[in-house]
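Source: prediction; values computed, not measured. Numbers here are sequence positions counted from 1.
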Amino acid sequence: MPNPSEIDLGSALLSTFILVGFIATAFVFIKLTIIGINYVKINYLKDEGEDRGEKITRSETKGF
């Protein structure tokens with residue numbers, strides 16, 4: 001292992017920021033996956049026949 005005085009500071013900072021970028025990218029993909037799963041749960045996995053046909057729109061309530 002090299003001495004700390006021999007390690008280039010710029011190289012160490014660059015490596016650190018690259019590692020932080022990879023970790024942040026992983027968190028973004030995990031968050032987008034969770035949002036996508038919740039979207040599918042809310043919109044597509046409901047009882048499709050019950051809730052979707054019973055909505056009354058404004059045009060139906062006016063009587064014209």
(message) My understanding is that a hydrophobic cluster links ILVMFWY residues whose side chain heavy atoms are under 4.5 Å apart, including indirect links. Using that, what else belongs to the cluster containing V28?
(response) L32
(message) Can you list, by chain and residue number, the hydrophobic cluster partners of F29 when the side-chain cut-off is 4.5 Å?
(response) none
(message) Test question: given the 4.5 Å side-chain rule for I, L, V, M, F, W and Y, name all other residues clustered with I35, or answer none.
(response) none
(request) Could you tell me which residues satisfy side chain to side chain contact (heavy atoms under 4.5 Å, CB included) with I34, sequence neighbours excluded, listed by chain and number? (result) I30, N38
(message) I'd like to check the side chain to side chain contact (heavy atoms under 4.5 Å, CB included) partners of I23; sequence neighbours left out, ordered by chain and number.
(response) L19, F27
(request) Give, for atom CG of L14 and atom CG of D8, the distance between the pair rounded to the nearest 0.5 Å. (result) 10.0 Å
(message) Restricting to side chain to side chain contact (heavy atoms under 4.5 Å, CB included), what partner residues turn up for Y39, sequence neighbours left out?
(response) N43, Y44
